[in-house]
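The structure that follows is given in the form of structure tokens.
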Amino acid sequence: MVVTRIAPSPTGDPHVGTAYQALFNYVFAKQNGGKFIVRIEDTDRTRYNPTSERRILEMLEWIGLSPDESPVKGGPNAPYVQSQRLSIYQEHALRLLESGAAYRAFDTPEELAAAREEARKAGLQQQGYNRRYRDYPREEAERRAAAGEPHVIRLKVPLEGKTVVHDLLRGPVEFDNAQLDDKVLLKADGYPTYHLAAMVDDHLMGVTHVIRAEEWLTSTPFHVLLIRAFGWEEPVWCHTPLLRNPDKSKLSKRKMDTSVDSYRAQGILPEALLNYLGTMAWSMPDGREIFTVADMIEHFDLRRISLGGPVFDLAKLKWMNGKYIREVLSLGELVARLEPFLEAAGYAHPSRAYLEQVVEAMRARFETLGEFVEKAVYFFREDYPVQEKAKAKLEEGRPFLPELRDLLASLPDFLPETTEPALKGFAEAKGLKAAAVMQPLRAALTGSLETPGMFDLLMILGKDRVLERLGKALG
RNA sequence: GGCCCCAUCGACUAGCGGUUAGGUCACCGCCCUUUCAAGGCGGCGGCAGGGGUUCGAAUCCCCUUGGGGUCACCA
């Protein structure tokens, strides 16, 4: 059975890169009737963020990539949090120690830093650990360890030869073992490094396909060596391109908004975000750009992932979100998505029917749910802001607006069939262009010059409010 | 800098030896129009460069250039 996983580190906000990786891993697993696991890699206590794990897990539920096994869901491979699996890694490290594939190293962090600095000054091409303890007497090492001396356990990487990583997308990638160094497997605090923990867990959890970001490619030979040291079978390696900032560097929160929570707060729809991520380095075989995760599962092909690093383009994300708002979601669904935003903004509405009318009228005019809140204030409050340009327009209308108000007051109803001929007739009678009448009226009624069509506006606002607002504006 | 990966319009991509190099976003113009959008139509714009291979290269190979990643007791 196909088993995939993502292994996020709980160090901060749920990252779009995590969502991106989750998407490919999820889709590939589902396509093959396999399972998708989420494992929390919290082995770095210095970067640990206590709310991060919960938020990452919630983020996955929000975008609809629900894992088959996870810390909250549990599963046959529990626990799914690495800090709760420490003894497992320690046992495995010991095993490697016994077989001679690893060794204890007693360098202090200061010594390592000094050695690195020295190597840098000497202009050495070769970087990495100097292997000071690689051939240290075994008995001596054990004695010092038994005495409680702090130390790490490192993998004994072959000094010669090549290690080939067979990447699904790239084919064989060769690394000279001489270029590798003896990476730390178990830190002095007893926690494993990513290298040990990830490979042990992937093996124990039956992960068959490691689909992860390209930044891992250069440490894969090390993983291959580690797996061989244990005598296990390698998974299929598939390194996907990194999402990029507009300047092409690796997507980072310094240069871009990388927080899924932030996009959610702005009113980006989960299905739009997922759809957009699905177009990053991948495309539907038929070229369609709007598709669901289900569509993706049906047509996905890991081998069709392209290797150029895609720039995460907010403009296109927003366009796609707008596409979902105006064409994909049903009106009812859209209204439901909008409700939490309205509540947060303190917007009241008399009825569901009213809300639906407003949303329908506004639909083509906002691309995020947050934008709706900004652009539709005047449908929900009487203290809506009045823009400067609107004020000017209002002045232009002052000569005829009182008369127009009387005309509107005399109408039997505010249906478009009634208001349209009335307003157009009014303009004509005054020898004015329709716009010359509509714009000042629009300004008076909404404080804005950018609104839905006048006749929809009049109908939705209703006679009472229209007359009231007009009176107030002319006041 | 060493090592590794990558390279089609500004951005996302289709292309997998023979295409007028297609689509989407953005941008520009026109249409629609009471404003702003949306929508429709049209336009601008690309195979990084140089060598090969081949009857024929965006497609295959090499070099150069460019971009990215990685070189932690972080993941």
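We name chains A, B, ... by the order of the sequence lines, and we start the count at 1 in each one.
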Atom-to-atom span, CZ of A:R244 to P of B:G10 - whole angstrom: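 A:R244 atom CZ is separated from B:G10 atom P by 17 Å.
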Report the distance from atom NE2 of A:H239 to atom C1' of B:A75, rounded to the nearest whole Å.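 Interatomic distance, NE2 of A:H239 to C1' of B:A75: 13 Å.
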A:E41 near the nucleic acid: base, sugar-phosphate alone, or nothing, with a heavy-atom cut-off under 4.0 Å?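 Sugar-phosphate contact only - A:E41 comes under 4.0 Å of backbone atoms but never of a base.
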By nearest heavy atom, map A:A281 and A:P150 onto RNA chain B; which one lands nearer the 5' end?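 With A:A281 and A:P150 compared, the 5'-side residue is A:A281.
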Mind checking A:A436 for me? I need base, sugar-phosphate or nothing, with any heavy atom below 4.0 Å counting as a touch.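 It contacts nothing in the nucleic acid.
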Assign A:M280 to base, sugar-phosphate, or nothing according to its heavy-atom contacts below 4.0 angstrom with the strands shown.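 Answer is sugar-phosphate: A:M280 comes under 4.0 Å of backbone atoms only.
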Within the structure shown, what part of the strands sits under 4.0 Å from A:P310 by heavy-atom distance: base, sugar-phosphate, or nothing?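 Sugar-phosphate contact only.
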Would you mind classifying the nucleic acid contact of A:S448 as base, sugar-phosphate or nothing, using non-hydrogen atoms under 4.0 angstrom?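 Answer is nothing: A:S448 stays at 4.0 Å or more from every strand.
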B:A58 and B:U19: how far apart are their P atoms, nearest whole angstrom?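 Comparing P positions in B:A58 and B:U19 gives a spacing of 9 Å.
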What contact category does A:E174 fall into here, base, sugar-phosphate, or nothing, at under 4.0 angstrom with non-hydrogen atoms?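 Since only primed, P, OP1 and OP2 atoms lie under 4.0 Å of A:E174, the category is sugar-phosphate.
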Is any NZ, NE, NH1 or NH2 atom of the basic residue among A:D13 and A:R55 found under 4.0 Å from an Asp or Glu carboxylate oxygen of the other?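 Salt bridge between A:D13 and A:R55, a charged N being under 4.0 Å from a carboxylate O: yes.
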Considering only atom P, compute the distance from B:C4 to B:A21 and round it to an integer number of Å.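 Comparing P positions in B:C4 and B:A21 gives a spacing of 37 Å.
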So, does A:K187 get its side chain near the phosphate of B:A75, meaning an N or O under 4.0 Å from OP1 or OP2?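 Looking at the OP1 and OP2 atoms of B:A75, one of them is under 4.0 Å from a side-chain N or O of A:K187.
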Give A:G287 one of three labels, base, sugar-phosphate or nothing, depending on what nucleic acid heavy atoms sit under 4.0 Å from its own.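 Here A:G287 touches no strand at all.
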Is it true that the side chains of A:R212 and A:T220 contain a donor and an acceptor less than 3.5 Å apart?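 A:T220 and A:R212 do have a side-chain donor-acceptor pair below 3.5 Å.
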At 4.0 Å (heavy atoms only), tell me whether A:F455 reaches a base, stays on the sugar-phosphate, or touches nothing.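 Since a base atom lies under 4.0 Å of A:F455, the category is base.
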Nearest-Å distance for atom pair CD/P, residues A:Q439 and B:C36: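 Taking atom P of B:C36 as the reference, CD of A:Q439 is at 7 Å.
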Quick one: label A:T218 by what it contacts on the DNA or RNA (base, sugar-phosphate, nothing), any heavy atom closer than 4.0 Å.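 Result for A:T218 = base.
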Tell me if the aromatic rings of A:Y276 and A:F312 count as close, with their centers under 6.0 Å from one another.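 Between A:F312 and A:Y276, which both carry aromatic rings, the centre distance is below 6.0 Å.
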With a 4.0 Å limit, can you tell me whether A:R154 has a side-chain N or O closer than that to the phosphate oxygens OP1/OP2 of B:C73?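 For B:C73, OP1 or OP2 has a side-chain N or O of A:R154 closer than 4.0 Å.
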Taking any heavy-atom pair under 4.0 Å as a contact, classify A:K424: base, sugar-phosphate, or nothing.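 It contacts sugar-phosphate atoms only.
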Pair A:Y324-A:R337, side-chain donor/acceptor within less than 3.5 Å: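 Side chains of A:Y324 and A:R337: no pair found under 3.5 Å.
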N or O in side chain of A:R45 less than 4.0 angstrom from B:C74 OP1/OP2: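 Looking at the OP1 and OP2 atoms of B:C74, neither is under 4.0 Å from any side-chain N or O of A:R45.
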Looking across every strand, which nucleic acid part, if any, lies under 4.0 Å from A:D107 by heavy atom: base, sugar-phosphate, or nothing?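 Touches a base.
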Length of the CD-P vector between A:E371 and B:C36, whole Å: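 Going from CD in A:E371 over to P in B:C36 covers 17 Å.
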Indicate, with a heavy-atom threshold strictly under 4.0 Å, whether A:L449 touches base, sugar-phosphate, or nothing.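 If one applies the 4.0 Å heavy-atom cut-off, A:L449 turns out to touch a base.
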Does one side chain, of A:Q439 or A:R442, offer a donor that lies under 3.5 Å from an acceptor on the other?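 There is such a pair between these side chains.
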According to a strict under-4.0 Å criterion, is A:K323 in side-chain N/O contact with OP1 or OP2 of B:A38?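 For B:A38, OP1/OP2 do not have a side-chain N/O of A:K323 under 4.0 Å.
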Hey, does the side chain of A:T193 come within less than 4.0 Å of B:C73's phosphate (OP1/OP2), counting only N and O?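 No.
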If we ignore angles and hydrogens, is there a donor and acceptor under 3.5 Å between the side chains of A:D261 and A:S259?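 Per modelled atom types, A:D261 and A:S259 side chains form no pair under 3.5 Å.
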Polar pair under 3.5 Å, donor/acceptor by atom type, side chain A:R47, base B:C74: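 By the distance-only test, yes, there is a pair.
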Contact class for A:P452 vs. all strands (heavy atom < 4.0 Å): base, sugar-phosphate, or nothing?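 If one applies the 4.0 Å heavy-atom cut-off, A:P452 turns out to touch a base.
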Taking any heavy-atom pair under 4.0 Å as a contact, classify A:T43: base, sugar-phosphate, or nothing.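 Here A:T43 touches the backbone only, sparing every base.
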Mate of B:U70 where both pairing distances stay under 3.5 Å, Watson-Crick or G-U: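 Partner of B:U70: B:G2.
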